[in-house]
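First comes the structure, then the notes that go with it.
Hydrogens, waters and symmetry mates play no part in the numbers below; they use all other heavy atoms, side chains included. Just so you know, ligand 1 is whichever comes first in the structure, and atom 1 is the first atom listed for that ligand. For this chain, numbers begin at 1 and follow the sequence in order.
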Amino acid sequence: MRKKIIAGNWKMNKSLEEGMGLVSEISNMLKDEYKGSAQALIIPPFIHLNAISKLIADNPKLGLGAQNCSNHKSGAYTGEVSVDMLKSCGCSYVIIGHSERREYFNEHNAWLAQKVDAALAANLSPIYCCGETLTEREENKHFEVLEKQISEGLFHLDKIQIQQVVIAYEPVWAIGTGKTASTAQAQEIHAFIRSLLANKYSPEIAQEITIQYGGSVKPENAAELFAAADIDGALVGGAALQSRSFVEIVKAMA
Ligand code: PGA
């Protein structure tokens with residue numbers, strides 16, 4: 001059965017002290033209040049990873065991920081962080097190709113495919129992000145855009161490797177805007193992504209792959225989104241910056 005994963009992407013927010021406080025609250029609340037089977041991931045800035053990894057070590061409901069990684073293994077790449085470094089700081093996951101990286105840092109599919117390879121080689125699970133802009137949706141190009149992002153970023157992987165990948169569908173027009181895709185819109189795309197995986201690999205493999213939705217997920221809309229057949233969790237931005245709202249989203253997943 002595929003995993004259900006709720007990931008809190010803090011982006012460039014929280015000092016170390018604020019972050020440690022937030023994680024302690026989340027950890028205590030989940031221990032007391034959550035009996036479900038979803039895994040909650042904390043995805044803080046790189047510089048907090050090591051400290052947070054120690055803080056969550058005794059809570060099996062919590063895991064750790066990074067927001068980005070280098071496509072290179074090591075060497076003279078000033079300012080970059082390698083997958084082996086992430087692994088050594090306790091990460092199990094790494095976000096690859098978030099729309100903010102694609103847009104502001106010109107990360108394109110071929111480069112992202114290299115990052116996916118680097119992550120898998122270090123035994124980290126990539127959370128590979130895809131999603132269309134508002135213009136692409138209005139021009140009815142969203143299926144085409146998603147197919148390109150998924151095939152160019154992931155379809156060089158073999159049948160074993162693809163099962164280590166989590167896919168996050170994040171329509172760019174819904175990120176940080178307060179506008180969530182309707183459950184029907186999200187489910188339509190998730191089913192489409194799963195059909196791409198089924199055609200490339202097999203229907204059985206497609207059923208094993210976790211597909212998260214991201215874009216203004218909140219406690220108020222999480223339960224409805226998670227009830228959809230192909231939505232296996234969420235990549236949460238703004239609502240992950242407060243313990244109560246993040247925990248309520250986790251609790252919306254049975
Ligand atoms: P948001 O961000 O929840 O603030 O819309 C989601 C994301 O960028 O992953």
Whether over 12 other heavy atoms sit under 6.0 Å from Leu134 CG:
yes
Can you tell me if Gly176 has a non-hydrogen atom under 4.0 Å from ligand 1?
yes
Closest heavy-atom approach to atom 8 (O) of ligand 1 among His98, Glu100, Glu170, Lys218 is made by His98
Contact region, Cys129 to ligand 1, non-hydrogen atoms below 4.0 Å, reads neither
Report, in ascending order of atom number, the atoms of ligand 1 lying under 4.0 Å from any heavy atom of Ala174.
5 (O)
Under a 4.0 angstrom heavy-atom cut-off, which atoms of ligand 1 come close to Gly215?
5 (O)
Which atoms of ligand 1 sit under 4.0 Å from any heavy atom of Ser216?
1 (P), 3 (O), 5 (O)
Would one find more than 12 heavy atoms of other residues, nucleotides or ligands at under 6.0 Å from atom CD of Gln207?
yes
Is there at least one pair of N or O atoms, one from Ile175 and one from ligand 1, spaced under 3.5 Å apart?
no
If the contact criterion is a heavy-atom separation under 4.0 Å, does Ser99 count as touching ligand 1?
no
Ring centre gap for Tyr213 and Phe226 strictly below 6.0 Å:
no
Nearest protein heavy-atom contact for atom 3 (O) of ligand 1: which residue, which atom, what distance?
Gly237 N, 2.9 Å
Testing the 3.5 Å rule here: is there a donor-acceptor pair between the side chains of His190 and Asp232?
no
Looking at atom 4 (O) of ligand 1, what's its closest protein heavy atom, distance included?
Gly238 N, 2.8 Å
Look only at the side chain of Arg101 and the backbone of Glu107, and say whether a donor-acceptor pair between them is shorter than 3.5 Å.
no
Let me know which of Glu80, His98, Lys115, Glu100 forms a side chain to side chain donor-acceptor pair (under 3.5 Å) with Asn68.
Lys115
Between the side chains of Thr133 and Glu136, does any donor sit under 3.5 Å from an acceptor?
yes
